[in-house]
Structure formats: C-alpha cells, structure tokens
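Everything on this sheet refers to the single structure shown next.
What you are looking at is a predicted structure, and each value in this text was computed from that prediction instead of being measured. Residues take their numbers from the sequence shown, with the count starting at 1.
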Amino acid sequence: MPDSASRYLAEGPRVGIRHFTYEDGAEFTARVRESRELHRPWLFPPDSARAYAAYAGRLIEDPAKAGFLVCEKGEGGAIAGFININNIVEGGFQCGALGYGAFAHAAGRGLMREGLDLVVGYAFGPMRLHRLEIDVQPLNAASIALARSCGFRLEGFSPNMIFIDGAWRDHERWAITVEMRAGS
C-alpha cells in the first residue's frame with residue numbers, strides 16, 4: 001500500500017493512523033495469524049476474510065465505533081496494529097472505550113505508543129470526545145504499560161467484566177480526559 005501523508009488522519013515521526021477499509025483484509029488477517037502467540041489469551045482479532053469483513057464492517061458502518069489502523073511510514077505503509085474506539089456515546093458523556101492490539105513484527109518498537117497517542121489526539125480533537133477508557137485484564141502487563149505511558153490513570157477494578165475466551169474476566173479500568181491530556 002503506498003505511503004501517502006494525505007491518506008493519514010494524523011501522523012507522527014514513524015506511524016500514521018487511518019480508518020479501516022475492506023481492502024485491508026488480506027494484510028490484517030495475515031498479521032493476526034502471525035501474531036497469535038502475542039495476542040493470546042488477551043485478544044482474538046479476526047483471522048479469516050469472512051470474520052474480517054464482518055469486523056471491519058462494524059467499525060466502518062456503526063457510528064458508535066471508530067477503527068484505526070496504525071501504519072508504519074515507509075515500509076509500504078505496513079499495518080503495525082489497530083486501535084478501536086467502541087461504545088461511543090455523545091451528548092453529555094462524550095466518551096468511548098478503547099481496544100487495541102499490536103502485530104508481532106511491530107511489538108516492542110514503540111509504534112503502538114505513538115499510534116495510541118495519535119488516536120487519543122484525534123479523539124479529543126476532530127471527534128470531540130471528552131473521555132476515553134481502556135479495560136485491561138490485570139495480568140496483561142504490556143497493555144497496562146501502554147495505557148500508562150499514554151497518560152491513562154487507573155480508576156478501578158471490575159470483577160467478571162467481559163466475556164473472553166469462554167469465561168468472564170476481571171478488568172482494570174483506565175481512563176484519560178481532555179483535561180488530563182492538556183496538563184501533560
């Protein structure tokens with residue numbers, strides 16, 4: 001995929017963020033299959049064309065969701081990971097819940113840190129959200145470290161919060177607001 005500044009919603013020194021497209025399916029699902037060991041037991045992104053089409057369709061068509069691909073600048077725009085804002089509520093709440101995952105070839109390189117920072121800026125800018133939340137399983141150290149590095153604060157613990165891999169899993173709740181970001 002050609003690298004083009006006009007294609008990104010926001011960009012940093014090494015990555016740009018853009019919305020999902022149906023055409024990203026082959027690369028996305030190949031990266032998911034390469035990254036199974038990294039994702040398990042925390043995350044189960046779509047790994048087939050059919051599952052990707054349904055997943056991307058929800059992110060593209062549902063106004064309560066926004067999906068972003070974190071793409072390396074150069075490298076042909078390789079997809080390094082993904083960040084989704086789910087359960088977007090407008091009005092007095094102006095909030096959304098983040099979910100994300102890095103792909104194995106990009107893990108540990110700081111690309112998702114840069115991408116998450118761009119998504120938070122985009123959410124608080126053009127999307128006009130006020131608050132973002134991340135729910136993380138307590139033993140998912142990499143995800144907690146990413147949330148913390150981007151200025152999210154731990155706000156609480158929710159037992160049996162989300163059904164993942166056949167069981168209800170405990171989660172820590174992390175959040176950031178526009179005011180917190182402005183003060184950082």
Original post:
Any sub-3.5 Å donor-acceptor pair from Arg113's side-chain atoms to Ser149's backbone N or O?
Top reply: yes
Subject >> Audit row: Cys95, His130, side chain to side chain contact (heavy atoms under 4.5 Å, CB included) steps and yes/no >> reply: CA-CA 6 Å; Cys95 182; His130 176 259; over 6 Å; no
Subject >> Beyond-backbone contact of Gln94 with Arg131, side-chain heavy atoms, under 4.5 angstrom >> reply: no
Subject >> Ion pair check, Arg173 and Glu133, cut-off under 4.0 Å >> reply: no
Original post:
How long is the gap from NE2 on His105 to CG on Leu38, to the nearest 0.5 Å?
Top reply: 11.0 Å
**OP:** May I ask whether Leu116 and Val178 are part of the same hydrophobic cluster, defined by side-chain heavy atoms of I, L, V, M, F, W, Y residues being less than 4.5 angstrom apart, directly or through others?
**Re:** yes
Original post:
How far apart are the closest heavy atoms of Pro45 and His39, and which atoms are they?
Top reply: CG-ND1, 3.6 Å
Original post:
Is Ile83 linked to Phe124 within one hydrophobic cluster, defined over Ile, Leu, Val, Met, Phe, Trp and Tyr using a side-chain heavy-atom separation of less than 4.5 Å?
Top reply: yes
Subject >> Side-chain donor or acceptor of Asp62 paired with backbone N/O of Ala64 under 3.5 Å >> reply: yes
Original post:
In Å and rounded to the nearest 0.5 Å, what is the CG to CD distance from Asp165 to Gln137?
Top reply: 9.0 Å
**OP:** Examine Ile162 and Phe44 and state if one hydrophobic cluster contains both, with Ile, Leu, Val, Met, Phe, Trp and Tyr joined whenever side-chain heavy atoms are less than 4.5 Å apart.
**Re:** yes
Subject >> Closest contact, heavy atoms only, Pro126 versus Gly121 >> reply: CD-O, 4.2 Å
Original post:
Taking a hydrophobic cluster as the set of Ile, Leu, Val, Met, Phe, Trp and Tyr residues connected by side-chain heavy atoms closer than 4.5 Å, whether directly or through intermediates, do Phe82 and Ile17 fall within one such cluster?
Top reply: no
**OP:** For the pair Glu172 and Leu154, evaluate side chain to side chain contact (heavy atoms under 4.5 Å, CB included) and give the outcome as yes or no after the intermediate values.
**Re:** CA-CA 7 Å; Glu172 292 180 356; Leu154 178 63; 3.7 Å; yes
Original post:
Salt-bridged, Asp47 to Arg36, with N to O below 4.0 Å?
Top reply: yes
Subject >> Working for ring pair (Phe, Tyr, Trp, His ring centres under 6.0 Å), residues Phe20 and Phe68 >> reply: CA-CA 6 Å; Phe20 277 71; Phe68 302 91; 8.5 Å; no
**OP:** Please tell me if the side chains of Met112 and Val70 come closer than 4.5 Å, counting only heavy atoms from C-beta onward.
**Re:** yes
Original post:
side chain to side chain donor-acceptor pair (under 3.5 Å) between Asp117 and Tyr122: does it pass, once the steps are laid out?
Top reply: CA-CA 9 Å; Asp117 192 53; Tyr122 188 81; over 6 Å; no
**OP:** List the steps and the verdict of side chain to side chain contact (heavy atoms under 4.5 Å, CB included) for Trp174 and Leu98.
**Re:** CA-CA 10 Å; Trp174 292 77; Leu98 289 174; over 6 Å; no
**OP:** Write down the atom of Gly101, the atom of Leu43, and the distance for their closest heavy-atom approach.
**Re:** CA-CD2, 3.7 Å
Original post:
Got a salt bridge between Asp135 and Arg169, using NZ or NE/NH1/NH2 to carboxylate O under 4.0 Å?
Top reply: no
Subject >> In one Ile/Leu/Val/Met/Phe/Trp/Tyr side-chain cluster, 4.5 Å: Ile134, Leu129 >> reply: yes
**OP:** Before giving the answer on ring pair (Phe, Tyr, Trp, His ring centres under 6.0 Å), spell out for Phe28 and Phe103 the whole-Å C-alpha distance, their side-chain angles and the decisive distance to 0.1 Å.
**Re:** CA-CA 9 Å; Phe28 188 93; Phe103 290 128; 5.3 Å; yes
Original post:
Between the main-chain N or O of Glu11 and the side-chain N or O of Lys73, is there a donor-acceptor pair closer than 3.5 Å?
Top reply: no
Original post:
Would you find a donor on one side and an acceptor on the other, under 3.5 Å apart, between the side chain of His19 and the backbone of Gly67?
Top reply: yes
Subject >> Stepwise salt bridge (charged side-chain N to carboxylate O under 4.0 Å, His left out) test for Arg153 and Glu155 >> reply: CA-CA 6 Å; Arg153 70 176 172 223; Glu155 290 193 335; 3.0 Å; yes
Original post:
Any side-chain heavy atom of Tyr55 within less than 4.5 Å of one from Asn84?
Top reply: yes
**OP:** Salt-bridge test for Asp24 and Arg31: reply yes if a basic N is under 4.0 Å from a carboxylate O, no otherwise.
**Re:** no
**OP:** For residues Phe152 and Met180, determine if any side-chain heavy atom of one lies less than 4.5 Å from a side-chain heavy atom of the other.
**Re:** no
Original post:
Looking at Arg109 and Glu114, does any basic side-chain N land under 4.0 Å from a carboxylate oxygen?
Top reply: no
Original post:
Is the side chain of Ser158 donor-acceptor paired with the backbone N or O of Met161 at a distance under 3.5 Å, no angle test?
Top reply: no
Original post:
Side chain of Tyr100, backbone of Gly115: donor and acceptor closer than 3.5 Å?
Top reply: no
Original post:
How far apart are the closest heavy atoms of Cys71 and Arg18, and which atoms are they?
Top reply: SG-NE, 3.5 Å
Original post:
Can you name the closest pair of heavy atoms from Pro138 and Ile144 and give their distance?
Top reply: O-CD1, 3.5 Å
Original post:
Can you name the closest pair of heavy atoms from Ala80 and Glu72 and give their distance?
Top reply: CB-CG, 4.1 Å
Subject >> Chi angles and distances behind the side chain to side chain contact (heavy atoms under 4.5 Å, CB included) call for Lys65, Ile85 >> reply: CA-CA 6 Å; Lys65 299 180 184 306; Ile85 306 176; over 6 Å; no
